[in-house]
Amino acid sequence: MRILFICTGNICRSPLAEGILREKARAMNLHIEVDSAGFEQFHVNDPPDERAIKTGRKYGIDISGHRARLFGTEDFKRFDKIYVMDSWHFANAMAFARNEDDRQKVDYIMNAVYPGENIPVQDPWYDGMAAFEKVYHQLDKACEMLISLIGEK
Ligand code: 4NP
């Protein structure tokens, strides 16, 4: 199983999702490939936002080694599932899709918990630590569901 998370800058939400899912897989001894990417180039090659690193660290997740990268069409070849945070990412990812197979790979991450509701994980960039905390708990809930589904297979 190869899973990709996408957000806008690849420095807050998707690196946290990646770190959380990787830790859950490790704890369950499941071998999966996890990565993350973004759509905006402002932060390419940057480490995650300090607030995201700090929030992860609070829960034992170290995302400091991640470096931001852009999403591209080749990611549809590399990954089985591609999870987005909000409707803008969803539309963007769909625009990169080559065919129906690719389109089927894309879903909102929170649909793992609330199927079909397309609930966003909102951008915490302009907000304080409380927003990062909220994002962390949303992502943790979603990743818990994802890992239990993967574990059943
Ligand atoms: P992310 O947060 O998409 O969760 O990584 C953002 C980071 C940077 C920007 C927007 C969102 N930005 O506009 O630079």
Side-chain angles (χ1 to χ4, degrees), residues 1-26 32-97 102-147 149-150:
M1 194 66 173
R2 296 163 301 172
I3 295 178
L4 180 70
F5 296 107
I6 314 182
C7 62
T8 304
N10 192 212
I11 55 167
C12 301
R13 292 166 288 179
S14 62
L16 270 174
E18 177 189 344
I20 292 168
L21 190 66
R22 183 170 291 127
E23 172 54 26
K24 289 184 189 299
R26 192 201 58 75
I32 61 172
E33 189 181 327
V34 193
D35 196 8
S36 63
F39 288 115
E40 290 286 7
Q41 60 185 350
F42 314 125
H43 300 282
V44 167
N45 290 326
D46 284 356
D49 184 283
E50 266 306 320
R51 296 164 296 176
I53 293 176
K54 207 169 156 187
T55 305
R57 197 168 280 149
K58 181 175 165 189
Y59 297 98
I61 311 281
D62 180 11
I63 62 168
S64 62
H66 180 75
R67 293 297 175 267
R69 73 165 179 93
L70 288 174
F71 176 79
T73 301
E74 68 283 0
D75 285 314
F76 280 109
K77 295 182 202 157
R78 272 185 62 202
F79 295 95
D80 303 305
K81 286 298 296 184
I82 295 173
Y83 292 106
V84 302
M85 304 292 151
D86 64 32
S87 58
W88 186 68
H89 310 142
F90 188 85
N92 268 352
M94 285 304 203
F96 276 94
D102 286 354
R103 283 188 283 276
Q104 290 293 330
K105 293 181 178 184
V106 184
D107 201 0
Y108 290 75
I109 185 170
M110 292 315 295
N111 280 353
V113 187
Y114 308 105
E117 293 191 31
N118 302 346
I119 292 170
V121 178
Q122 261 148 13
D123 185 355
W125 174 252
Y126 299 100
D127 300 311
M129 286 303 287
F132 281 82
E133 190 74 20
K134 182 182 173 191
V135 161
Y136 181 89
H137 289 290
Q138 277 187 291
L139 295 176
D140 186 61
K141 205 166 166 182
C143 287
E144 191 63 35
M145 191 58 84
L146 292 181
I147 206 72
L149 293 173
I150 294 166

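Both ligands and their constituent atoms are indexed starting at 1 by order of listing.
Considering backbone and side-chain N/O atoms, F42 never comes within less than 3.5 Å of an N/O atom of ligand 1. Taking distance alone, with nitrogen or oxygen atoms compared against 3.5 Å, I11 approaches ligand 1 more closely than that limit. For S14, no nitrogen or oxygen atom sits less than 3.5 Å from a nitrogen or oxygen atom of ligand 1, counting backbone and side chain alike.
Here the two rings, on Y108 and F90, have centers that are under 6.0 Å apart. Not less than 6.0 angstrom separates the ring centroid of F5 from the ring centroid of F71.
A donor-acceptor pair is defined here as one N or O able to donate and one able to accept, closer than 3.5 Å; such a pair exists between the side chain of N111 and the backbone of E117.
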- prompt: Going through the checks in order, is the side chain to side chain contact (heavy atoms under 4.5 Å, CB included) test met by R69 and D75?
  reply: CA-CA 12 Å; R69 73 165 179 93; D75 285 314; 2.9 Å; yes
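In the model, T8 has a side-chain atom that pairs as donor or acceptor with a side-chain atom of R13 under 3.5 Å.
Atom CD of Q122 has 12 or fewer heavy atoms from other residues, nucleotides or ligands within 6.0 Å.
Here H43 has side-chain heavy atoms under 4.0 Å from ligand 1, and that is the only part of it that gets that close. Residue contacts with ligand 1, taken as heavy atom pairs separated by less than 4.0 Å, do not involve D49 at all. When heavy-atom distances to ligand 1 are checked against a 4.0 Å cut-off, D123 comes that close only through its side chain, counted from C-beta outward.
The shell of residues lying under 4.0 angstrom from ligand 1, judged by heavy atoms, excludes E40.
Annotation for ligand 1: atoms under 4.0 Å from non-hydrogen atoms of C7 are 1 (P), 3 (O), 4 (O), 5 (O).
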